[in-house]
Participant: 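My questions all concern the structure below.
If you're wondering where the values come from, they're calculated on a predicted model, not measured in any experiment. Letters go in sequence order (proteins before strands), and every chain restarts at 1.
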There are 2 protein chains.
Amino acid sequence: MTPAAPELPAVVRRFIEDAGNATQSFGIGRVLGQIYAYLYFSPEPRNLADMQAALGISKGSASMGVRQLEQWNAVRQVWVRGDRKDYYEANDWLGEIVRNILRDTVGKKLNGATSLLEELKADLNGAGPATTSPDRDRAFIETRIQHLRDFHSKAQKVWNSRIVRMLLK
Amino acid sequence: MTPAAPELPAVVRRFIEDAGNATQSFGIGRVLGQIYAYLYFSPEPRNLADMQAALGISKGSASMGVRQLEQWNAVRQVWVRGDRKDYYEANDWLGEIVRNILRDTVGKKLNGATSLLEELKADLNGAGPATTSPDRDRAFIETRIQHLRDFHSKAQKVWNSRIVRMLLK
DNA sequence: ATGCACGTTCAAAGTGTATTGAACATACAA
DNA sequence: TTGTATGTTCAATACACTTTGAACGTGCAT
């Protein structure tokens, strides 16, 4: 039987709350912040049941949450001998975590935009001169799309640049 | 009477749709992307009624949308003589827009975190030794909070650094 | 083999946020 | 002053996204 989860200190409860708000407002869901904060302030590794009890979340949330956090290397699984539950502890290298999250969110979107712009360019050529819109309008649109592609390629260069990688380190 | 809005070219419709998805996924709402894209591809300035017709959004959305976009300098109001409606056109300097949005979203949150961390530190000191938790646990928590503050101050330095400002330019 | 303890899944419920639209404000024209 | 054309506001609604929990999968112990 699991010993009753010790009551968390007020500071920690407070922080868990704020971390949850933060991750929520960044669009990655409230429980991720809560779980990470809980583990971050736990001197010992914790299992899924501990998280459920401490945070008042469901089994499913705990399970999905740690998996997502693992993918970002925000938490790691550790073995506790004599217990076959899964235990986790927080990775305290915050820079790495932020970097991984950004790569996964921003980076993915930049790449998505790449293929999108390619398609648009193709559409534009494919459509031919059969449109009802005057040539002038069409020229304007082409100019803007080109402008967009220039910006996008510059953005990608910056994103992949060594400088940014260093900054995120 | 407003002349019937000319049917938008397929490429433009497509782009408006994607821009809406993009801004939605970035957590700033779908209409912002739609309005901006519409103006970005409009050879002439457009008024709120045009936007409603072209995008199928409500009067309120158009009004609130352009106001938000104005705050980020993504669009500007222009005067069309002989017409007292408000007309808008897109600012095509995308770098500036991205920078303004980031300043408004990320920057604001970093500053919020500052005061939060101060409070936590104060709480920790204020609580005194009257807690039930063992000294060892308490020491652990203090260490982690300090770690957090170090990371936060580093993050702020990076965010405010000239390098980042240049990159966003 | 069976029971048990744990983790995972995903359709359904819940929650927070974006969007609507009717009521209101404003400004100009007649 | 009244009427008309426009922009703004915000409570109500619609929507997308998060979270739940019951059902299922898995592997170990007996």
Participant: Quick one: does B:T23's side chain have a donor or acceptor within less than 3.5 Å of a partner on B:I28's backbone?
Facilitator: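 Side chain of B:T23 to backbone of B:I28: no pair is present.
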Participant: Ion pair present between B:E17 and B:R30, side-chain N to carboxylate O less than 4.0 angstrom?
Facilitator: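 B:R30 and B:E17: not salt-bridged.
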Participant: Got a sec: does the NZ of A:K108 have more than 12 other heavy atoms crowding it under 6.0 Å?
Facilitator: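 It does not: A:K108 NZ has 12 such atoms or fewer within range.
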Participant: Quick one: A:Q52 CD to C:dC6 C1', roughly how many Å, whole number?
Facilitator: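 For the pair A:Q52 CD and C:dC6 C1', the rounded distance is 11 Å.
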Participant: May I have the distance from A:E70 (atom CD) to C:dT8 (atom P), rounded to whole angstrom?
Facilitator: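 Atom-to-atom, A:E70 to C:dT8, this comes out as 8 Å.
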Participant: Answer yes when B:E89 and B:R76 have at least one side-chain N-carboxylate O distance shorter than 4.0 Å, and no when they do not.
Facilitator: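 Yes, B:E89 and B:R76 are salt-bridged.
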Participant: Ignoring hydrogens and geometry beyond distance, is a side-chain donor-acceptor pair present between A:D104 and A:Q71 at under 3.5 Å?
Facilitator: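 Absent: no donor and acceptor within the cut-off.
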Participant: Could you give the CG-to-P distance, from B:D50 to D:dA5, as a whole number of Å?
Facilitator: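 Distance, rounded to whole Å: 17 Å.
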Participant: Rounding to an integer number of Å, can you tell me how far A:M51 CE sits from C:dT8 P?
Facilitator: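 Taking CE of A:M51 and P of C:dT8, I get 11 Å after rounding.
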Participant: Taking atom C1' of C:dA5 as reference, at what distance in whole Å does atom OH of A:Y87 sit?
Facilitator: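 So the two atoms are 13 Å apart, to the nearest Å.
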Participant: Verify the contact: side-chain N or O of A:K59 to OP1 or OP2 of D:dG21, cut-off strictly under 4.0 Å; return yes or no.
Facilitator: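 No, because none of the side-chain N or O atoms of A:K59 sits under 4.0 Å from OP1 or OP2 of D:dG21.
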Participant: Using OP1 and OP2 only, check whether a side-chain N or O of B:R67 sits under 4.0 Å from D:dT9.
Facilitator: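 Affirmative; the distance criterion is met.
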Participant: Any salt bridge between B:R14 and B:D18, counting N to O under 4.0 Å?
Facilitator: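 B:D18 and B:R14: salt-bridged.
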Participant: Regarding B:S58 and B:Q52, do their side chains bring together a donor and an acceptor under 3.5 Å, going by distance alone?
Facilitator: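 Judged by distance alone, the side chains do not pair up.
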Participant: Given atom CG of B:D83 and atom P of C:dC28, what is their separation to the nearest angstrom?
Facilitator: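 Computing the B:D83:CG to C:dC28:P distance gives 14 Å.
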Participant: Verify the contact: side-chain N or O of B:S63 to OP1 or OP2 of D:dT8, cut-off strictly under 4.0 Å; return yes or no.
Facilitator: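 For D:dT8, OP1/OP2 do have a side-chain N/O of B:S63 under 4.0 Å.
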Participant: Once you round it to whole Å, what is the distance between P of C:dG3 and CZ of A:R84?
Facilitator: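 The distance from CZ of A:R84 to P of C:dG3 comes to 16 Å, rounded to the nearest Å.
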Participant: Between D:dG7, D:dA5, C:dT8, which nucleotide gets closest to the side-chain atoms of A:L48?
Facilitator: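 Ranking D:dG7, D:dA5, C:dT8 by closest atom to the A:L48 side chain puts C:dT8 first.
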Participant: I'd like a table of atom pairs between the protein and nucleotides 14-19 of chain D - only N or O on both sides, under 3.5 Å - with the distance next to each one.
Facilitator:
from   : atom 1 : to    : atom 2 : distance (Å)
D:dT19 : OP1    : A:R30 : N      : 3.3

Participant: Could you state the atom-to-atom distance from CH2 of B:W79 to P of D:dG7 in whole Å?
Facilitator: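 Distance, rounded to whole Å: 10 Å.
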